[in-house]
Amino acid sequence: MFFTGKGGVGKTSLSAAAAIAMADAGQRVLLVSTDPASNLDEMLGAPLSNQPVAVPGVPRLSVLNIDPEAAAEAYRGRVLAQMPAGTPDAERDTVREQLSGACTTEIAAFDEFAALLAGHGRTDAGEWDRVVFDTAPTGHTLRLLSLPKLWSGFLAGNDRGASCLGPHSGLKMQESRFNAALSALSDPATTTVVLVTRPDPRPMHEAARTAEELRALGLANQRLVINAVFHASRADDPVARAIEALGREALATLPVALADLPRDEVPLRPFDTVGLPALRALLGRGPEPASAPAEPGVSLSAEPLAHLADALAAMGHGLIMVMGKGGVGKTTIAAALAVGLVQRGHSVHLTTTDPAAHVAEILAGGLDGLKVGRIDPKVETQAYIDKIMRTRGKDLDEQGRALLLEDLQSPCTEEVAVFHAFSRVVNEARSAFVVLDTAPTGHSLLLMDATGAYHRQATRHTGPGVKNVVTPLMRLQDASLTRVIIVTLPEVTPVSQAAALQDDLRRANIEPWAWVINKSVAASGTSDPLLQARLAGERRQVARIAGGLARRTFVLPWLPEPPVGVEALETLVGPKPDPSTN
């Protein structure tokens, strides 16, 4: 069972709750996270590992995390072990270097995923009745689920191998495993895709697109879950009435691709879905857990988004990277900041690395001084292939060009092409404003890994007489050029993942400049009992942020109408500055 959908819709909570329910019913269940930024350990109270770990309090349930870095190291070890005894150290070092990039990290993580599919739920720890996948947000998941078909096709026509896979000797093993994975995915008796959404048009339309793309990949056995359905209990609360009305309207206009699917609805719950009692209560299989009070005496000094736009405009130029968990509103915040910078007299390039790419939908129109772009993986890959064929392939004979082109058809090429496009965007910020709406956390961290790998390679191969080498990573580390804005919701999972993202960035010597708390119920003024109950959880998360997580904090209240369009975005960042006051 694959739980997939737009970030923030509740995939992790629902997949964990479903896995617990099946284990409670007597089945042996393995819950697998394919999200590099997973927080299943926090939800279940069990450590994450690339081997199954038993979940305390749930007999027959184990959890496993496909950790890309651990998978990559294990993959390198397996490839090196296949090399003949007596292979010179220099040759082994060459192979290890070939296997050190972000491309190999993706292949290794996919290899672990394919092994689970090919084994139909068998691992070294035993055999399972059910394997439940908690996937990364949609764009990353579509890439993952398309890889069995891509790699099977690539290997079928490749008799020499690719450096990111290692020596040719291991290719037949890989080809067999990838074909078995493809067969398992496309078998409706084996695989079910659970499309998770909320009663909101944007995640619903993304779920519909996902449904169609997965059908094209052969995954036709699908089910729809609509999470967090809300019913107002007070007629005099405009915020609660607006939330209910938006949900009701979204359900009434369900996209055609979803309308005929088997459907479940899960009501909005008043508690955080962390811990076994809460996860059992989420699907109505246990009593609601008692809520813990917020820490007393901790207050948050948060400013409106207009003040953030003012502070960024004072830079004059630079890269504004908006990062965070899927579904927290990164695209809205990025678009609002770009509009705010244009309001303040600057030219801005607003672009995105997110495969889902919703920037144009949020803007819903143009604005003088604002250029909108997208790092489109397919477009960038073709441009990269064309460039390599024009340069490296220029002096090759017909057979050599054919072999080079064959190598460039590898799925790895996409990762390299996207990194090159990202590098161009980083360089552009040296003389202008670039606002970058990043992909959800896990996908962005893989891109950051590619940036780090390139930095290590560039500095390692720089000769002693070469000076002033500046890599994209060095520009990201330059606080005078790059400002990283972390966006979160005032909920336990987004705040935990924002804190983990901040730790990852700091390990790369990149210091986040500010946090934005989006969709604050406290700032909306609601009096609805259920929303008030959720407000207690919000206060706990605000206390965490105020306790030292963020150096600067800005807040945006929950809005009855989603801020779509340039005019709506302008209201988020304040009125246009009066030139006479400058």
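Numbers here simply count residues along the sequence, with the first being 1.
- To the nearest 0.5 angstrom, L436 atom CG is 10.5 Å from I320 atom CD1.
- A donor-acceptor pair under 3.5 Å is formed between the side chain of H205 and the backbone N or O of P201.
- Annotation: Q27, atom CD; neighbour count of heavy atoms from other residues, nucleotides and ligands within 6.0 Å is above 12.
- T352 places a side-chain N or O within 3.5 Å of a backbone atom of D437 that can act as its donor or acceptor partner.
- Counting all heavy atoms, side chain and backbone alike, L308 lies closest to W513 at CD1-CZ3, 3.6 Å.
- Using a 4.5 Å heavy-atom threshold, the side chains of R483 and L312 count as touching.
- A donor-acceptor contact shorter than 3.5 Å is absent between the side chain of K11 and the backbone of D134.
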Using the side-chain contact (heavy atoms from CB on, under 4.5 Å) rule, take M1 and M22 through it: C-alpha gap first, then chi angles, then the decisive distance, then the call. CA-CA 12 Å; M1 296 181 71; M22 289 185 282; 3.9 Å; yes
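- If you check the side chains of D528 and S233, you find a donor sitting under 3.5 Å from an acceptor.
- More than 12 non-hydrogen atoms from other residues, nucleotides or ligands lie less than 6.0 angstrom from CD of E265.
- A heavy-atom distance below 4.5 Å is found between the side chains of Q532 and L535.
- For the pair T571 (side chain) and A568 (backbone), a donor-acceptor distance under 3.5 Å is present.
- E213 and R209 are not joined by a salt bridge, as no carboxylate oxygen comes within less than 4.0 angstrom of a charged side-chain nitrogen.
- In this structure, the separation between CZ on F3 and OG1 on T192 is 9.5 Å, given to the nearest 0.5 Å.
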Can you check side-chain hydrogen bond (donor to acceptor under 3.5 Å, both in side chains) on R28 and S62, steps first, answer last? CA-CA 8 Å; R28 292 196 65 213; S62 294; 5.8 Å; no
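- The side chain to side chain contact (heavy atoms under 4.5 Å, CB included) with I226 is formed by just one residue from the set L251, V9, L258, V266; it is L251.
- Under 3.5 Å, the side chains of S520 and E538 contain a donor-acceptor pair of N or O atoms.
- Here CG of L31 is found 6.5 Å from CG of L44. Values are rounded to the nearest 0.5 Å.
- Side-chain contact check for E491 versus R534: some heavy-atom pair is nearer than 4.5 Å.
- Side chains of V32 and I66 form a contact here, defined as non-hydrogen atoms less than 4.5 Å apart.
- For E511, the salt bridge (Lys or Arg N to Asp or Glu O under 4.0 Å) partners at least two apart in sequence or on another chain are R506, R551.
- Side-chain atoms of R269 come within 3.5 Å of backbone N or O of L282 as a donor-acceptor pair.
- Smallest separation of non-hydrogen atoms from A281 and P289: CB-CD, 4.2 Å.
- Because its NZ or CZ atom is not both nearer than 6.0 Å to the ring centre of W515 and within 45° of the ring axis, R552 does not count as a cation-pi partner of that residue.
- In terms of modelled atom types and a separation under 3.5 Å, the side chain of R241 and the main chain of A235 share a donor-acceptor contact.
- Side-chain contact check for N65 versus N50: every heavy-atom pair is 4.5 Å or farther apart.
- Residue T273 comes nearest to A278 through the heavy atom pair CA-CB, 3.9 Å, listed as atom of the first residue, atom of the second, then distance.
- Between the E42 side chain and the V274 main chain, no donor and acceptor come within less than 3.5 Å of each other.
- When the ring pair (Phe, Tyr, Trp, His ring centres under 6.0 Å) test is applied to F433, the partners found at least two apart in sequence or on another chain are H346.
- Residues V58 and R280 meet the side-chain proximity criterion, which asks for heavy atoms closer than 4.5 Å.
- Of all heavy-atom pairs between P56 and A46, the closest is CD-CB, 4.0 Å.
- Between R234 and D236 there is a salt bridge, since at least one side-chain N of the basic residue sits less than 4.0 Å from a carboxylate O of the acidic one.
- Within the model, atoms OG of S13 and CG of L40 stand 9.0 Å from one another, a figure rounded to the nearest 0.5 Å.
- In the displayed structure, D260 atom CG is contacted under 6.0 Å by at most 12 heavy atoms of other residues, nucleotides or ligands.
- Pairing each heavy atom of L549 with each of A499, the nearest pair is CD2-CB, 3.8 Å.
- Rounding to the nearest 0.5 Å gives a distance of 6.0 Å between CG of L350 and CG of L363.
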side-chain contact (heavy atoms from CB on, under 4.5 Å) between V348 and V434: does it pass, once the steps are laid out? CA-CA 6 Å; V348 180; V434 176; over 6 Å; no
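- Taken from CG in N227 to CG in L14, the straight-line distance is 4.5 Å, to the nearest 0.5 Å.
- For D41 (side chain) and L48 (main-chain N/O), no donor-acceptor pair under 3.5 Å exists by modelled atom type.
- I243 places a side-chain heavy atom less than 4.5 Å from the side chain of L531.
- Put simply, the side chain of T253 gets close to the backbone of E249: a donor and an acceptor are under 3.5 Å apart.
- For R285, the CZ atom counts as loosely surrounded, since its 6.0 Å shell holds 12 or fewer non-hydrogen atoms of other residues, nucleotides or ligands.
- Judged by distance alone, the side chain of D272 and the main-chain N or O of V492 form no donor-acceptor pair under 3.5 Å.
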